[in-house]
Amino acid sequence: MSCYTLFIINKAGGLIYKRDFSADAPKLSVNDQLRLVSTFHSMHAIAGRLSPVDPASGIDHIETNTFQLFCYQSLTGLKFLITSPAHTSGSLEHLLFKTYQLYSDFVLKNPFYELDMPIHCSQFDTNLDKLILGK
């Protein structure tokens with residue numbers, strides 16, 4: 001599976017997890033990462049309000065000449081974003097849903113994790129490697 005980067009954004013638009021899975025992933029400063037996710041969070045909310053379809057879900061997929069971005073939003077408002085090369089075949093939404101399941105299993109069940117705080121969970125990282133990199 002070819003993926004560049006995974007971002008997890010809390011319901012307020014804050015970055016709580018970022019992980020690169022490829023050497024080809026663009027190197028962004030911390031400020032650029034925060035600016036990127038907060039901008040996407042705002043665009044997602046605006047797109048949800050402007051959508052003529054009810055119920056509106058916001059932005060699910062963005063495709064450019066150089067990369068694709070897929071988004072899965074949980075019922076609690078958490079957003080899982082993954083970037084991949086421009087011509088990745090198929091949708092990565094199933095991968096985002098499985099990532100959400102790993103988040104539920106290893107992060108939320110961790111008694112030391114506080115909601116909406118940055119994620120530092122080695123079991124989550126290990127299982128994410130198995131899912132995305134096949135390790």
Side-chain angles (χ1 to χ4, degrees):
M1 183 104 10
S2 184
C3 301
Y4 288 148
T5 306
L6 171 71
F7 299 96
I8 301 177
I9 307 171
N10 66 16
K11 60 186 168 197
L15 180 64
I16 59 173
Y17 187 82
K18 186 250 182 196
R19 179 117 179 256
D20 291 327
F21 291 100
S22 171
D24 297 332
K27 304 299 181 236
L28 300 174
S29 69
V30 174
N31 284 341
D32 288 339
Q33 293 171 22
L34 295 172
R35 205 173 301 126
L36 173 73
V37 298
S38 65
T39 301
F40 181 82
H41 176 75
S42 300
M43 288 174 34
H44 189 274
I46 291 168
R49 289 185 182 242
L50 294 176
S51 176
V53 179
D54 200 29
S57 63
I59 299 171
D60 295 331
H61 179 227
I62 296 174
E63 188 170 345
T64 71
N65 292 338
T66 56
F67 73 95
Q68 293 184 71
L69 182 141
F70 293 89
C71 175
Y72 171 76
Q73 183 175 0
S74 71
L75 294 175
T76 58
L78 212 58
K79 291 179 192 68
F80 293 79
L81 307 176
I82 198 158
T83 58
S84 67
H87 303 292
T88 302
S89 61
S91 173
L92 297 179
E93 290 178 17
H94 68 284
L95 185 67
L96 290 172
F97 183 73
K98 288 182 180 179
T99 302
Y100 174 65
Q101 289 176 328
L102 291 176
Y103 170 82
S104 298
D105 288 342
F106 297 105
V107 177
L108 290 180
K109 293 178 182 174
N110 181 346
F112 302 107
Y113 178 69
E114 294 183 37
L115 286 176
D116 294 334
M117 296 303 290
I119 298 170
H120 303 288
C121 180
S122 60
Q123 286 183 321
F124 178 65
D125 290 336
T126 302
N127 283 284
L128 202 54
D129 282 343
K130 288 178 187 175
L131 176 66
I132 295 179
L133 301 174
K135 288 185 179 179

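All heavy atoms count here, side chains included; hydrogens, waters and symmetry mates do not.
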Contact between Leu115 and Thr76 at the side-chain level, heavy atoms closer than 4.5 Å - yes or no? no
Quick check: do Lys11 and Asp116 have side-chain heavy atoms less than 4.5 Å from each other? yes
Report the C-alpha separation of Ile62 and Phe40 in whole Å, then their side-chain angles, then the decisive distance to 0.1 Å, and conclude whether the side-chain contact (heavy atoms from CB on, under 4.5 Å) test is met. CA-CA 11 Å; Ile62 296 174; Phe40 181 82; 4.0 Å; yes
Between Leu81 and Phe70, does the side-chain contact (heavy atoms from CB on, under 4.5 Å) criterion hold? Intermediate values first, please. CA-CA 6 Å; Leu81 307 176; Phe70 293 89; over 6 Å; no
So do the side chains of Leu102 and Val107 get within less than 4.5 Å of each other, counting heavy atoms only? no
Among Asp129, Ile82, Ile119, Ile132, whose side chain to side chain contact (heavy atoms under 4.5 Å, CB included) with Arg19 holds? Asp129
Going by heavy atoms in the side chains, are His61 and Leu69 under 4.5 Å from each other? no
May I ask you to test the Thr83-Gln68 pair for a side-chain heavy-atom distance under 4.5 Å? no
So, are Lys98 and Asp105 salt-bridged, with charged N and O less than 4.0 Å apart? no
Between Thr5 and Phe21, is any pair of side-chain heavy atoms under 4.5 Å apart? no
Between Phe124 and Tyr17, what is the ring plane arrangement, given parallel below 30°, perpendicular above 60°, and tilted in between? perpendicular
Do Ser2 and Ser84 have side chains that get closer than 4.5 Å, going by heavy atoms? no
Quick check: do Ile59 and Cys71 have side-chain heavy atoms less than 4.5 Å from each other? no
Any chance you could measure Phe97, atom CZ, to Tyr72, atom OH, to the nearest 0.5 Å? 5.0 Å
List the steps and the verdict of side-chain contact (heavy atoms from CB on, under 4.5 Å) for Lys79 and Ile8. CA-CA 6 Å; Lys79 291 179 192 68; Ile8 301 177; over 6 Å; no
Heavy-atom pair with the smallest gap, counting every atom of Gly13 and Val37: O-CG2, 4.1 Å
Tell me yes or no: between the side chains of Tyr103 and Asn127, is some donor less than 3.5 Å from an acceptor? no
